[in-house]
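The structure appears right after this line, and notes come after that.
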Number of protein chains: 2
Amino acid sequence: MSDVTEALESVLGERVRREPEILTAHQRDTWVLGELFDYRGEAGPLPLAVVEAESAHDVSETLRLCRAHGCPVVTYGGGSGVCGAIRVGERTVVLSTRKLAGLVSLDSGDLTARFRAGTFGGDAERRVREDGLTIGHWPQSIELSTVGGWVATRASGQYSTAYGNIEDLVLALEVVLPDGAVLRTRETPRAAAGPDLRQLFLGSEGTLGVVTEVTFSLRELPPFHFRQAFHFAGLHAAVEPVREILRAGWRPPVVRLYDASESNRHFGESCPEGRAMLILLHEGPEPAALAEANAVSELCRSRGGEEADAAAVDRWFDERNEVPGFRTFIEKGIMVDTIEVASTWQHVTQIYDAVTSALKEVPGILVATAHTSHAYRSGANLYFTFAVRPDEPGEMASVYAECWRRAMRATLANHGGIAHHHGIGRVRSGYLAEELGTAGVAVLRAVKHALDPDDLLNPGNLLPPQGPEAKG
Amino acid sequence: MSDVTEALESVLGERVRREPEILTAHQRDTWVLGELFDYRGEAGPLPLAVVEAESAHDVSETLRLCRAHGCPVVTYGGGSGVCGAIRVGERTVVLSTRKLAGLVSLDSGDLTARFRAGTFGGDAERRVREDGLTIGHWPQSIELSTVGGWVATRASGQYSTAYGNIEDLVLALEVVLPDGAVLRTRETPRAAAGPDLRQLFLGSEGTLGVVTEVTFSLRELPPFHFRQAFHFAGLHAAVEPVREILRAGWRPPVVRLYDASESNRHFGESCPEGRAMLILLHEGPEPAALAEANAVSELCRSRGGEEADAAAVDRWFDERNEVPGFRTFIEKGIMVDTIEVASTWQHVTQIYDAVTSALKEVPGILVATAHTSHAYRSGANLYFTFAVRPDEPGEMASVYAECWRRAMRATLANHGGIAHHHGIGRVRSGYLAEELGTAGVAVLRAVKHALDPDDLLNPGNLLPPQGPEAKG
């Protein structure tokens, strides 16, 4: 038993877990490359221990002891991340938020709910629904991801076009800092009291602190819902009407536009071959939602859209969180992954063309398609899916990296941002300097060094390895 | 001439200004205590020089040279801040953005406009209106404040309830860091690529970098407007309907509720004596704005609201940016100021009562009133106005400080946040540790030290003097 494990056990007792199956279950997140390494029996080191913290105090103690022993700490929520943010190295302690779960307080009048960070999204949403309220955050991973994970990764949900992304839904945070101090931001709707400290931890991916509580600003469950679908001559033909919907001031919670391949894959007979499907959800007070639905309908029809069977939308709602695991593909020699990027409107179709073309040139490529699922006044995201089966199974990792390299290069060359909502992790860290610029990486590194001078919180994640850009 | 002035002139030539009237005009912002000191002939030191930067490169050079000479730098935009964020100390160089003004680029399709930081708000708004667009940010200071100042102070505008505050309107920033490096954040509508670096500078009040360009995500000018006004039995009686308007999902851009004293002061005969006036603006696509206006009307009437003459709203719109200068009051021995705070809904009336009561106990108090002008799902701001005339003119500064102390204490004791949108400056820096907590101030101090190790950017502003909280 190592010194640090002994020290942790002396303070945290049975909250320190060392059973082999628990150590194995906390080695990594759901990144497909981690799945591949596992499948090949190259899973890498096990954590020294998994601390199941039950309080912010437990988290403080864990960080304090790990710091005293110079031992890295990786925080583990739902483990549903797909970018490799969690990948345990040598002599690492995993800090699990599994037992740091549940509602702390709910105020129905203030529309606030405070949850411990390890609460799973679905549990949190179901709890506030008991009071007729909603968080309004619907990532596909809602049953697999935790509210603390949402914050750490800067997550987006399927209803973001009306309700915003995680940074728009969080009222306050409790975070344990690398030195063990506990930061609680004030529960006020807005402040001009220096930089917004919540924002340091939204997207920090476990590198700057451990989120232990999340307070949401909730909404009442909307009294009315209306679903619509239209199909267009193709993704290019439909991007413009989507831009115009946003530009006119409408904000349907769900605005999802699929290219022809994905439309065919997801909607079958509801969308004619070669057409691109746009599905929409309107909700809120009935007169407002209906005014929006009518205006959107008129706009889509006048831009070549044809109304599709709304049953297609219902089916999407029923099946939206069902995704086949990466493992079933790996067993067939296929690497499958998704890549979400974002840009202003003028670059959306350029990036779509550039990325899909670049992917289609990869030998063994089976699928290179996209949809857009988050729209803003000034732009939108693109969410690519690719599948590739190299001739040689030994090339699965390198061909996978090549697909990512091509998608990142094509996005950057066309003025896109490399990550819309999955985060950076390890799959994108090599491209972060191009995303943020030399000065941006230098700022992030300076902040990291200021808060975590020994680089103990999730080392190797998010920030690229120290390179020439740090000299400036 | 000092070494640093010589060095600046050798590089920046005539952009370095040393005329006495220019030095005098850049000693301070519009904080009333600064006005008082000026009036008494105790204006304090003059800057060594005012650098009128014309490019980010000029800003870099200024910071580099000032750093080499260990000389503090204070950035000066419109000088309209009211919290004392600008107050020149010994051996200080002022960096003016006056000549760093104008539009850099506008993309009508993407709804983006990039302005140099020294562009005045009114000029920026008029420019985008030429293209049928709006920034949607209407601080009372719009003709006096710059777009860079909006970012540095985390400003709010009068239309925030629908359109958000400055942090919701800014797509990207260019910032010169204390070491002279230039950070340009990416022009994408959203990213999950580490913490949002824009947020470090929104609210940094000149302490972490110099904002040199601001890119806005614009809106189309709304096609339809509708104004409404209701009066209620008092501010307490009207807070609940305002909460319900937000809770139901409506977002009128303007939602302003005045207590009875302010209603009488601003609306005269349009609002019966003792009643509290609520004024609203609805705008957007006509059917949506009308649906909102109808629902709000029904809600207000069912909660004791009586419809007031909409001419009162028109008058507010006409006169909203006219404010008498502090100086005219000072000459009469009166200190006048405003204090904006925020809280969740359950504390709004508590804070209103506690702050106005605490102010009314100050000897010589003439006015202690409030309105709320920014509403959110989970709470609202309160904007207090006070006027006090001490018996002894020599006590004007101390009685002024006592008013602030009472307002801050009463706000904090009732779970409020001490600053909604004017910022911290010097008037609130002594309360920042209570706002952010020990850990929050430690984080902010660590970030400041990481980016500006020599404490040269606006020293003495925002952060409280180093105290016991920094030991932790």
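Per chain, numbering begins at 1; letters A, B, ... match sequence-line order. Quick caveat: nothing in here was measured; it's all calculated off a predicted structure.
- Between chain B and the options A/A450, A/G164, A/G194, heavy-atom pairs under 4.5 Å are most frequent for A/G194.
- With A/P195 as the partner, the side-chain contact (heavy atoms from CB on, under 4.5 Å) test is satisfied by one option alone out of B/T207, B/L208, B/L202: B/L208.
- Contacts of A/R243 with chain B are made by side-chain atoms alone, with heavy-atom separations under 4.5 Å and no backbone atom involved.
- Looking at A/D107, only its side chain comes within 4.5 Å of chain B, counting heavy atoms on both sides.
- Closest heavy-atom contact between A/L436 and B/L183: O-CD1, 4.1 Å.
- Within a 6.0 Å sphere centred on NE2 of A/H225, heavy atoms belonging to other residues, nucleotides or ligands number more than 12.
- Interface summary for chain A: among B/G417, B/A439, B/P287, the most heavy-atom pairs under 4.5 angstrom belong to B/A439.
- In this structure, the side chains of A/L218 and B/R377 stay at 4.5 Å or more apart for every pair of heavy atoms.
- Residue with the most contacts toward chain B among A/A291, A/P285, A/A375: A/P285 (heavy-atom pairs, distance under 4.5 Å).
- Using a 4.5 Å cut-off between heavy atoms, A/S108 touches chain B through backbone and side chain atoms alike.
- When B/G423, B/G249, B/A181 are compared by the number of non-hydrogen pairs under 4.5 Å with chain A, B/G423 comes out ahead.
- Contact record, A/L432 with B/A193: CD1-O, 3.9 Å, taken as the closest heavy-atom pair.
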- Task: Show your working on side chain to side chain contact (heavy atoms under 4.5 Å, CB included) between B/R247 and A/L133 and close with a plain yes or no.
- Result: CA-CA 10 Å; B/R247 182 182 183 89; A/L133 306 173; 3.9 Å; yes
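- Options A/L451, A/T188, A/L444, A/L111 differ in how many heavy-atom pairs under 4.5 Å they form with chain B, and the most are formed by A/L111.
- Residues A/H415 and B/E187 have side chains not in contact (no heavy-atom distance under 4.5 Å, counting atoms from C-beta outward).
- Neither the backbone nor the side chain of A/V175 comes within contact range of chain B; no heavy atom of the residue lies under 4.5 Å from a heavy atom of that chain.
- The choice from B/P189, B/A295, B/S160 that makes the most heavy-atom pairs within less than 4.5 Å of chain A is B/P189.
- Of the possible donor and acceptor atoms, none in the side chain of B/D110 sits under 3.5 Å from a partner among the backbone N and O of A/T344.
- Put simply, of B/L177, B/L463, B/N165, B/V341, the one with the most heavy-atom pairs under 4.5 Å next to chain A is B/N165.
- When B/P223, B/G425, B/G416 are compared by the number of non-hydrogen pairs under 4.5 Å with chain A, B/G416 comes out ahead.
- Interface summary for chain B: among A/G379, A/G109, A/S204, A/G440, the most heavy-atom pairs under 4.5 angstrom belong to A/G109.
- Between A/V447 and B/L200 the shortest side-chain heavy-atom distance falls below 4.5 Å.
- Of all the listed residues (B/H421, B/E292, B/R186), the one sharing the greatest number of non-hydrogen pairs under 4.5 Å with chain A is B/R186.
- At distances below 3.5 Å, at least one donor-acceptor pair connects side-chain atoms of A/R154 with backbone N or O atoms of B/A191.
- Annotation: maximal heavy-atom pairing with chain B below 4.5 Å, among A/A342, A/A446, A/S217, occurs at A/S217.
- Residue A/A152: no heavy atom, backbone or side chain, is found under 4.5 Å from chain B.
- For A/A380, the part sitting under 4.5 Å from any heavy atom of chain B is the backbone (N, CA, C, O) and nothing else.
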- May I have the step-by-step check of salt bridge (charged side-chain N to carboxylate O under 4.0 Å, His left out) for A/R190 and B/E167, ending in yes or no? CA-CA 11 Å; A/R190 206 261 173 179; B/E167 65 274 22; 2.6 Å; yes
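- Both the backbone and the side chain of A/H420 come within less than 4.5 Å of a heavy atom of chain B.
- Listed for the B/S378 side chain is no donor-acceptor partner under 3.5 Å among the backbone atoms of A/T112.
- With a 4.5 Å cut-off on non-hydrogen atoms, A/E283 does not touch chain B at all.
- Side-chain atoms of A/E435 and B/T185, non-hydrogen and from C-beta on, never get closer than 4.5 Å to each other.
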